[in-house]
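Take a look at the structure set out below.
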Amino acid sequence: MLEVEDIHTYYGESYVLQGISLRIDPGQVIGIVGRNGMGKTTLIRSIVGFTPPRRGHVRFKERDVTGWASNRVVALGLGLVPQGRRVFRSLSVRENLLVALRPGGRWTADGVMEIFPRLRERAESRAGNLSGGEQQMLAIARALVTNPDLLLMDEPTEGLAPLLVREVGHVIERLKADGLSILLVEQNLPLALRLADHLHVLSRGRIVHSGPPDSLAHDSEVRSRYLGL
Amino acid sequence: MEFWVTQLFNGVSYGALLFLLAGGLSLIFGMMRIVNMTHGSHYLLGAYLALTFLTRTGSYVLALLGGALAIAVLGVIEWDRFLQGLRGQELAQVLTTMGLALIFQDLALVTWGGDPYNLKIPAVLSGKYHLGTFFFPVYRVFIIVVALGVAVVLWLVVERTRVGAMMRATVDDAEMARGVGINVSGISLGVFALGAALAAVAGVVAGGFLGIYPGADFEILSYAFVVVIVGGLGSLRGALIGSLLVGLLDNFGKALFPELSYFTLFAPMAAILAVRPTGLFGRA
Ligand SMILES: Nc1ncnc2c1ncn2[C@@H]1O[C@H](COP(=O)(O)OP(=O)(O)OP(=O)(O)O)[C@@H](O)[C@H]1O
Ligand SMILES: [Mg+2]
C-alpha cells in the first residue's frame, strides 16, 4: 500500500526527518508515537507532498509519488486528517464535504453523516463556528469522502474531551474493521496501543523503536526515554 | 433636480462599468491573491481586438465574444508561462506582470497606433430613453444591465456551485485544499482566465463611450485596485459596492469640483481604509 524509503526532509536549512523508512500493508493500522517536535507531522507532510522529502522515495500503490502535487496523491487514494483539523472555516459543513467528495467509493456525504450525526444537524453551519470536537468529526468525515485506500491521521484526539476521545477511538476501530489502511499519529499512548497493529517510535527525525503494541507496552525503558512516560 | 438625477445615473452607470472591470480582479487578486498588473492590459487589448474584429466582421456580438475569448487565451498563457511558479510570491508577481503590462502597452502601440478610437456601438444600443423630462442613453442602461447580470452570475458561481466552494476552500487554506484533492492550480488558472475575459468585456463596453486610447490600461488599473481594496479583498459584494462608490464619487467630483476631482475620489477612499483597513467587506 505505502512504502516510505529512507526519506530526508528539511524546512529550509533545518534538517528534520533524517532517514525514515516504513511500510503499510493493506488493512494495517500503523501507529507513530513520539514526543512533541520529533517529526511526526513532518512525516505526514512528506507523504502527502506538502513538504516533499529532499532525498528518498514515497511509493503509494506501486507508484513513486515523491514530489507529486498533493492533490494528485489524494486523487490516487490517500486521505488526510491533518493536525489541528484545518476545516475550511468559511464553508458550511456540507460544503466542506462537497469539495472533498470523490464519488465511486464506499463513502458519500450522507454516509459519513450516518456515523457522525452531529454533522447532519449542523450541515448548514459555517465550519468555523463548530466546536473543536465537531471540527474533528468534520475533518475525519472530509477525509473519508475522498474515498481513500490509506488514511493518514495526525493526532485526531488532540485537545478533545475524554468522551470525544472515546468516540474518535470507536470510529477508527470501525474503519479498521472495514479494512481501511491507516497511519495513525497519536500522543495518546493507550489509544495507539489499542488500535495499532504495529508501532514506530519517532525521536529527532529517526525511528528509534519498532514493534507490535506488546513490545512497547512492556518496554518501560523505551517508554521513559522516548515518550517521557 | 435634473442635474442630480442625470449625474446620479451617470455615476451609477460608470460604477457598473467599474464593476465589470473590478469583478475579475476581485476574483484574481481578492480571492486567489495573484497580484495582476496586466488587468488593465486585458481591458485595453480586449477593446483593441474587438475593434479589429468589428471592422473585419461587422458584428458587435462577434467582436465582443472574440475579444473576450482571445484575452481569456492570453490569460491562460500568462498564467501557465509566468505566474504558475510564483504562487504566494507577491513581489515577483508584481514585477512579472508589470513587465508584461509594459510589453503589452508597446505591442498595442505598434499594432493600433497612437490615435484614439471609438468602438461603434450597434444601432439598438444607441438612442435615448425618455422618462418625463429626463433622458437616459440606452447604452448606459445596457452597461448597468450587463454589470448586474455579471454580478449575479459571479455570485451564483462563487456561492452556489461546487467549483465556487472549491475556490473559497482554497482561499481559506490552499495547502489543505490540495490535501483533500482540489486541483488548486487548475482553479487558479480558470479564475485568471475568467477574470481576464471580464476585463476584456469591460474594455469593449468602455470602448463605446470612453473610447480606446494608449494609456487607458494603466489609467483604469489603479481604479480597479482601488475598488477591490476598498470593497474588501475576496468580497464580490464589496467590489460591487466599491464600484458604485467610486463611480459616484468620481462622477460627482468631476461635475462639482472639476479641479479637485482626484481629491474628492481618493480622500474618501483613504478615509475608509483608515477606519477599516480590510475594506468595507474584507474577510481580514
Ligand atoms: N514549517 C516549519 N518550518 C520550520 N520548522 C518546522 C516547521 N514545522 C515544524 N518544524 C520543526 O520541525 C520539527 C518537527 O516538527 P513536527 O511538527 O514534525 O513535530 P511533531 O512530532 O509533529 O510534534 P507535535 O507532537 O507537537 O505535533 C520541530 O523541531 C519543529 O519545530
Ligand atoms: Mg505534529
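Numbers restart at 1 for each chain; the letters A, B, ... are given by sequence-line order, proteins then strands.
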Check whether NZ of the Lys or CZ of the Arg Arg54(A) lies under 6.0 Å from the centre of the six-membered ring of Tyr10(A) and within 45 degrees of that ring's axis. yes
Mark yes when over 12 heavy atoms from residues, nucleotides or ligands other than Arg81(B) sit less than 6.0 Å from its CZ; otherwise mark no. no
Residue part contacting chain B, namely of Arg45(A), when any heavy atom lies under 4.5 Å: side chain
When only pairs under 4.5 Å are counted, which of Ala143(A), Pro82(A), Ala75(A) shares the most heavy-atom pairs with chain B? Pro82(A)
Top contributor to chain B contacts, counting heavy-atom pairs under 4.5 Å, from Gly128(A), Ala127(A), Ala100(A): Ala100(A)
So which part of Val74(A) gets closer than 4.5 Å to some heavy atom of chain B, the side chain, the backbone, both or neither? side chain
Given Thr146(A), Leu98(A), Leu80(A), the one with more heavy-atom pairs under 4.5 angstrom with chain B than any other is Leu98(A)
Can you tell me if Arg204(A) has over 12 outside heavy atoms packed within less than 6.0 Å of its CZ? no
Is there a side-chain contact between Val145(A) and Thr108(A), using heavy atoms and a 4.5 Å cut-off? no
In terms of heavy-atom pairs under 4.5 Å, which option from Ser70(A), Ala69(A), Gly79(A) contacts chain B the most? Ser70(A)
Please look at Leu101(A) and chain B and tell me whether the side chain, the backbone, both or neither of the residue comes under 4.5 angstrom of a heavy atom of that chain. both
Can you confirm whether His8(A) sits close enough to Pro53(A) that some side-chain heavy atom of one is under 4.5 Å from a side-chain heavy atom of the other? no
Mark yes or no: Arg142(A) above the aromatic ring of Phe88(A), with NZ or CZ under 6.0 Å from the six-membered ring centre and no more than 45 degrees from the axis. yes
